[in-house]
Amino acid sequence: MSKDPCLRASDIDTSALGACASKGVKLLDDLDTAVSAPMTLPGDLNGQGIEKAVAACRQVHNTSGSETFCKGESSRQSRTLYADSDQSLQRSETTWRTGSGIQHRLSRIRPFPNARERDILGDVRLLIKPWRGAMSSTVDPFADLKTRQREMWASFAPTATFTTPVAAHLVEFAEIKHGETVLDVGTGTGVVAITAARAGALATGLDLTPALLDVARENARIAKLANTQWLEGDAESLPFPDGHFDVVVSQFGHIFAPRPEVAVAEMRRVLKPGGRIAFATWPPEHFVGRLFSFVAKNSPPPPPGAAPPPQWGSPDIVAERLGDKFEAPFFSRGVMQFPALSLSHYREFMERSVGPMQKLIEASANEPERLAALRAGFETLAAPYYFGNMIRQEYLLTRAKAR
Ligand SMILES: C[S@@+](CC[C@H](N)C(=O)[O-])C[C@H]1O[C@@H](n2cnc3c(N)ncnc32)[C@H](O)[C@@H]1O
């Protein structure tokens with residue numbers, strides 16, 4: 001493979017490159033490894049050449065226009081193919097990760113005659129989807145925030161014990177039926193997607209955090225479910241074609257996307273006409289909403305323009321955000337009970353397993369007085385919600401039909 005991959009500097013996230021270089025990673029070698037890593041195309045695309053892959057993409061997804069675009073995903077990288085109307089490959093964009101979780105977005109332009117079959121064929125599982133977000137090569141202004149989120153949520157798995165009952169409530173509230181296609185945004189360990197799959201839905205779980213998706217896959221295996229798939233991705237750039245799902249759900253997941261209007265537009269885009277959106281969120285006036293405020297008050301400010309997650313817990317704000325893309329929403333409420341032997345047991349669990357709280361405590365590790373004050377503040381905040389050995393965490397459910 002050429003050592004001159006024709007990188008376009010404008011597409012390179014230089015902060016990621018800097019971080020990568022400081023770890024001693026040789027970028028071009030890595031790019032070559034990533035790009036030449038063998039991949040497998042699904043079904044009848046498997047074993048065929050690049051022309052047929054692009055043609056089949058067009059055929060399968062009925063993409064029109066001068067450019068066919070397909071997005072491939074594996075646990076290590078994603079690849080987007082662009083071709084013009086005569087199906088010759090114009091360029092391929094590749095995003096991949098190192099073990100440290102850093103994401104690199106590079107682009108190479110290669111006319112089709114130079115593309116090799118091995119560039120897209122082999123033994124890494126690859127899903128091909130048309131992906132409208134891929135049409136834009138602009139750098140995500142919140143890429144750093146999302147990198148931090150990916151790292152922050154990696155320890156969340158034990159908390160899923162407590163979000164599991166809420167998943168049943170959400171699936172029931174969303175009126176998910178046998179045979180429906182369901183997307184669970186911010187699936188974590190897959191509690192909602194798996195509950196939907198057990199109800200007979202064809203469930204796709206999407207999350208920023210690969211470590212949680214590994215647990216989700218294992219959960220699906222234990223539950224003996226074949227009707228699930230798991231994808232790494234971002235609520236603000238969903239890797240699916242328009243009108244793909246009957247239902248889009250999110251349980252305390254999409255609220256972390258920094259731009260609510262982008263997340264809503266994406267969730268609406270991938271819904272079929274008349275499809276449903278349903279999600280669980282934390283009201284600002286109850287415990288978890290107040291905890292978010294407490295963490296925010298004691299942490300460095302988020303990047304400008306990032307909306308605070310608990311805003312999603314106010315029915316008025318939810319209705320405004322769904323706007324004219326959806327019919328008027330229905331609301332319901334519930335309580336997530338969190339068993340704890342004492343407030344300190346609860347706090348210690350949160351410090352170990354819930355990213356925002358974990359980060360807050362880690363940042364004060366070398367300041368004993370501040371650490372003690374934060375811990376006392378947390379327990380004071382939680383005390384009014386603690387009775388019967390349970391912490392009471394009230395949530396809001398929203399359901400709305402796409403117009
Ligand atoms: C509080 S956890 C909820 C997980 C799961 N839905 C549950 O109820 O157990 C929040 C999840 O949202 C994911 N997340 C955060 N930002 C995201 C984004 N922009 N796109 C997709 N997932 C995101 C995190 O990785 C994490 O898994």
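Counting starts at 1 for both ligands and their atoms, in listed order. Quick note: numbers below take in every heavy atom, side chains included, and nothing from hydrogens, waters or symmetry partners.
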## Note on the structure
Between Asp184 and Ser250 the two heavy atoms that sit nearest each other are OD1-CA, 4.1 Å
### Query
Which residues satisfy the salt bridge (charged side-chain N to carboxylate O under 4.0 Å, His left out) test with Glu379, sequence neighbours excluded?
Arg347
### Query
Using 30° and 60° as the class limits, which term best fits the ring planes of Phe338 and Phe349: parallel, tilted or perpendicular?
perpendicular
## Note on the structure
Distance col, row Trp312:CH2 vs Thr398:OG1, nearest 0.5 angstrom, shows 8.0 Å
### Query
For ligand 1, what are the residues with a heavy-atom contact below 4.0 Å?
Trp153, Phe156, Thr163, Gly186, Thr187, Gly188, Val191, Asp207, Leu208, Thr209, Leu212, Gly233, Asp234, Ala235, Gln251, Phe252, Gly253, Phe256
### Query
Stepwise, does the ring-ring contact (aromatic ring centres under 6.0 Å, His included) test hold for Phe173 with Phe330?
CA-CA 10 Å; Phe173 181 74; Phe330 290 90; 8.0 Å; no
### Query
With the threshold set at 4.0 Å, does a side-chain nitrogen-carboxylate oxygen contact exist between Glu151 and Arg148?
no
